[in-house]
There are 2 protein chains.
Amino acid sequence: MPSLTVPAPVVAPPSAIKASQCRPGTLAGELRISLLRTARRVRMERSSSEITDAQYSVLHALANLGPLTPGVLADREHVQPPSMTRTVAALVEAGLAARSEHPTDRRQVLVTITTAGEQEVRETKRRRDAWLAKRLADLTLAERATLAEATEILRRIATA
Amino acid sequence: MPSLTVPAPVVAPPSAIKASQCRPGTLAGELRISLLRTARRVRMERSSSEITDAQYSVLHALANLGPLTPGVLADREHVQPPSMTRTVAALVEAGLAARSEHPTDRRQVLVTITTAGEQEVRETKRRRDAWLAKRLADLTLAERATLAEATEILRRIATA
DNA sequence: CAACTTTCGTTACCTAAGGTAATGACGTAA
DNA sequence: TTACGTCATTACCTTAGGTAACGAAAGTTG
């Protein structure tokens, strides 16, 4: 894998960016729309249409963080406990997750992802990346470099 | 409003972008994560007002494009006509929009934004963009220019 | 011009997803 | 051990969107 650094902007940015577009207030409005629209489009790409957005989000958390209780899942997803009960029930019903008992507290429940669930997550990621990669392949190198920089900036923004 | 074009990259991009990061497959994976995470974070900053997301979207369209019929609004918002009837009804109820008759076709209806509606758009926009604008203000001008370019590119990707 | 077909907005009814209130089982502190 | 807090769940309600059906107004054709 080559790891040469790109010789700074290969060409001058093709799109003419006005100074006014760089003002935080103005940029925020435009960026927000593009961001949400693109994210929405990417999220549309799923492995199976049988799974809901909220369900996939939970599955994703389980895949990354390991077994979790409905309570902390509800917290993470900014949803009320009864909603999480339903979401978990659907995942269990679909064979993508399983409930098991908590080792020390018998009130609580541990929700665990199944191998089918892991497969679902991998497949969905693959499809989303494929969709994005297809679009990216149509861009110029300079445009992809811009997006690569933007990726870093957005990463900082999201975690700030 | 000043509309001077930014003198190309003010400085060389501070972050070193590797060529490998610009390959569609590689970039897709990184971009997907940053994109979805940031979008999720932005989405979390929801307006605590009386106005719904769909209602705001319609109000925004009316503010930008002038009076429109329920039909074209439904088209623009990717929603079925009955849903748009409800959304428009809510806006009229709240005094943010008004119905008037179409000049040439008496089947159709023209939905117009009121001054209260325009005020609502300004306030809601300011509130919803506040979080993002705050983060953007901490960036350098060059970084904001990069995001402005990325905004354009993402817009094309999402609609392609 | 009269009779049909299409288009537009609306109403009626249904479904999906999330929230609040109440409950039952379990831990914890007085 | 009794009283209280916590966790998941159930029951019920609200909301937003979709489909089917309808009435009024255009357009289309004999």
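In what follows, chains are A, B, ... by sequence order, proteins preceding strands, each numbered from 1.
Regarding A/Gln108, its CD atom lies at a distance of 18 Å from the P atom of D/dG5, rounded to whole Å. One can place CG of A/Leu73 at 14 Å from P of D/dC7, the figure rounded to the nearest angstrom.
Within a 6.0 Å sphere centred on CZ of A/Arg37, heavy atoms belonging to other residues, nucleotides or ligands number 12 at most.
By the 4.0 Å N-to-carboxylate-O rule, A/Arg46 lies too far from A/Glu50 to be salt-bridged with it. Of the charged side-chain nitrogens involved, at least one lies within less than 4.0 Å of a carboxylate oxygen, so that B/Arg128 and B/Asp53 count as a salt-bridged pair. A salt bridge links B/Glu30 with A/Arg155; the closest basic N to acidic carboxylate O contact falls under 4.0 Å.
The backbone N or O of B/Lys18 sits less than 3.5 Å from a side-chain atom of B/Gln21, completing a donor-acceptor pair. Formation of a donor-acceptor pair under 3.5 Å by the A/Thr159 side chain with backbone atoms of A/Arg156 is found in this model. Within the 3.5 Å criterion, the main-chain N or O of A/Asp105 finds no donor-acceptor partner in the side chain of A/Gln108. Without hydrogens or angle criteria, B/Thr114 side chain to B/Gly117 main chain gives a donor-acceptor distance under 3.5 Å. Between the side chain of A/Arg144 and the main chain of A/Leu136, a donor-acceptor pair closer than 3.5 Å is present.
Heavy-atom contacts of chain A under 4.0 Å fall on DNA chain C between two terminal nucleotides, which in 5' to 3' order are C/dA17 to C/dG27.
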Can you give the donor-acceptor pairs under 3.5 Å from side chains of residues 86-96 of chain A to other protein atoms, not counting sequence neighbours?
unit_1	atom_1	unit_2	atom_2	d
A/Arg86	NH2	A/Ser83	OG	3.4
A/Thr87	OG1	A/Ser83	O	3.1

Only distances under 3.5 Å count here; give the side-chain donor-acceptor pairs of residues 73-80 of chain A to other protein atoms, sequence neighbours excluded, each with its distance to 0.1 Å.
unit_1	atom_1	unit_2	atom_2	d
A/Glu77	OE1	A/Ser57	OG	2.7
A/Glu77	OE2	A/Ser57	OG	3.4
A/His78	ND1	A/Arg76	O	3.4

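B/Val111 is listed as a side-chain neighbour of B/Pro70, based on a closest heavy-atom distance under 4.5 Å. Side-chain contact check for A/Leu59 versus A/Glu118: every heavy-atom pair is 4.5 Å or farther apart.
A heavy-atom distance below 4.0 Å to DNA chain C is reached by these residues of residues 59-71 of chain B, ordered by number: B/Thr69, B/Pro70, B/Gly71. Of the residues in residues 90-99 of chain B, those with a non-hydrogen atom less than 4.0 angstrom from any atom of DNA chain C are B/Arg99.
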Tabulate atom names and distances for all N/O pairs under 3.5 angstrom spanning the protein and nucleotides 17-19 of chain D.
unit_1	atom_1	unit_2	atom_2	d
D/dG17	N7	B/Arg86	NH2	3.2
D/dG18	OP2	B/Gln80	N	3.0
D/dG18	OP2	B/Ser83	OG	2.9
D/dG18	N7	B/Arg86	NH2	3.1
D/dG18	O6	B/Arg86	NH1	3.1

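When the side-chain nitrogen and oxygen atoms of B/Arg106 are compared with OP1 and OP2 of D/dA25, one or more of them lie within a distance under 4.0 Å.
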